[in-house]
Amino acid sequence: MLFGFREERYKQAMRIATYNVNSIRARKERLLAWLARHEIEVVCLQELKVEDSAFPREEIEALGYHAAFHGQKTYNGVAILSRAPLEDVSIAMDDAVDDSHARLIAATTYGIRVISAYFPNGGSIDSEKYPYKLKWMARLREELVRSMQRYPIPHALCGDFNVAPFEDDVARPQEFEGGVLANDEVRAALRAIADVGLVDVFRPFHPQGGVYSWWDYRGGGFERGNGLRIDHIYASPELAARCIGAIVDREERRGTAPSDHAPVVAEFDWWVD
DNA sequence: ATGTCAGGCGTAGCCTGA
């Protein structure tokens, strides 16, 4: 059981979550209630959809979190919340590409280099957004190489990857396979990212697949079980080896005004004072 | 049968993005 209590043997545990809130303005009360209800040390957020001045910093800090955020109007926007200080915060990628999308923020906390990422959706295969997605993923790979050189500590790449790694991460392959979220090309790009030294901490706890993190609002996706697993926590091997559980908190996709994503939460036998 | 949300613009209802 991941939520509700900490087993004695796991009292050294810490939790890391990733949650695409689809507007922090629209999700603020839900998010604050969720943060207050659970003990989660590090929370990566995506799709804030607000400029930094509208980020609810005070309310989040009142719950005992430090917050680093990188927002923009209407689109994108990412944040990292931590119950420990956030050091060496960096936004965007340290490359020469001119890219105004607020899709990446990184910080060091609990001795881990935590990265909150909102991968491009890609629109449709024949849109201009799809090559941007592939290029962005290739750039992220190089950014991770640089980050691992600069910060020789375990990394956790968390976010809405907009990629379902396997066909059994897709409820209805006939509907989604070959699209921007589930095709050979984006899966190869994701493997290239993982090849720098990151592993999916969630999948080993759900080897049968069929566990999803996003359901389209349209067509009653959640009610019909028509989901995809596109939100992920990838970690360096030494951190991944200490993962002791991972879930999708489907409760956050139910009830009044949910995001179209549910949070993914992983627990680690890991603590740094 | 392009189904639902969210934000922008601007103050109604259409547009974009997902």
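The sequence lines fix the lettering, A, B, ..., with proteins before strands; numbering per chain opens at 1.
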How many whole angstroms separate atom CZ of A:Phe222 from atom P of B:dC5? 13 Å

A:Gln72 has an atom CD; how far is it from atom P of B:dG17, in whole Å? 13 Å

Atom CD of A:Glu128 to atom C1' of B:dA18: distance rounded to whole Å? 17 Å

Once you measure the plane-to-plane angle for A:Phe161 and A:His232, does it fall in the parallel (<30°), tilted (30-60°) or perpendicular (>60°) bin? perpendicular

For the pair made of OH in A:Tyr132 and P in B:dG17, what is the distance, rounded to whole Å? 13 Å

Qualifying residue, where the test is ring-ring contact (aromatic ring centres under 6.0 Å, His included) with A:His101 and the options are A:Tyr75, A:Tyr118, A:Tyr132, A:Trp136: A:Tyr132

Whole-Å distance between B:dC5 C1' and A:His261 NE2? 12 Å

For A:Arg150, does the CZ atom have more than 12 heavy-atom neighbours from other residues, nucleotides or ligands under 6.0 Å away? no

Could you check how far CZ of A:Arg218 sits from P of B:dG3, rounded to whole Å? 7 Å

Work out how far the C1' atom of B:dT2 is from that of B:dC15, and round it to whole angstrom. 15 Å

Sidechain-backbone polar pair: A:Asp260 side chain, A:Asp216 backbone, donor-acceptor under 3.5 Å: no

N/O (side chain, A:Arg27) to phosphate O (OP1/OP2, B:dC5) under 4.0 Å: no

Comparing A:Asn76 with A:Arg224, nearest DNA chain B nucleotide closer to 5' gives the residue A:Arg224

Gap between atoms CG and P, on A:Asp260 and B:dC5 respectively (whole Å): 10 Å

Close N or O pairs between protein and nucleotides 7-9 of chain B (under 3.5 Å):
{"residue": "B:dG7", "atom": "OP1", "partner": "A:Ser23", "partner atom": "OG", "Å": "2.3"}

Can you tell me how far P in B:dA6 sits from the matching atom in B:dT11, rounded to whole Å? 23 Å

Which part of the nucleic acid does A:Tyr118 contact within heavy-atom distance under 4.0 Å: base, sugar-phosphate only, or nothing? sugar-phosphate

Does the distance from a Lys or Arg side-chain N to an Asp or Glu carboxylate O, for A:Asp99 and A:Arg139, drop under 4.0 Å? yes

Measure from NZ or CZ of A:Arg15 to the centre of the six-membered ring of A:Phe268, then state whether that distance is under 6.0 Å and the direction lies within 45° of the axis. no

Nearest whole Å is fine: how far is B:dC5 P from A:Asp216 CG? 10 Å

Between A:Arg203 and A:Asp168, does any NZ, NE, NH1 or NH2 come within less than 4.0 Å of an OD or OE carboxylate oxygen? yes

When you compare B:dA12 with B:dA1, how far apart are their P atoms, in angstrom units rounded to a whole number? 34 Å

Measuring only the P atom in each nucleotide, how far is B:dT16 from B:dG10? A whole number of Å is fine. 15 Å

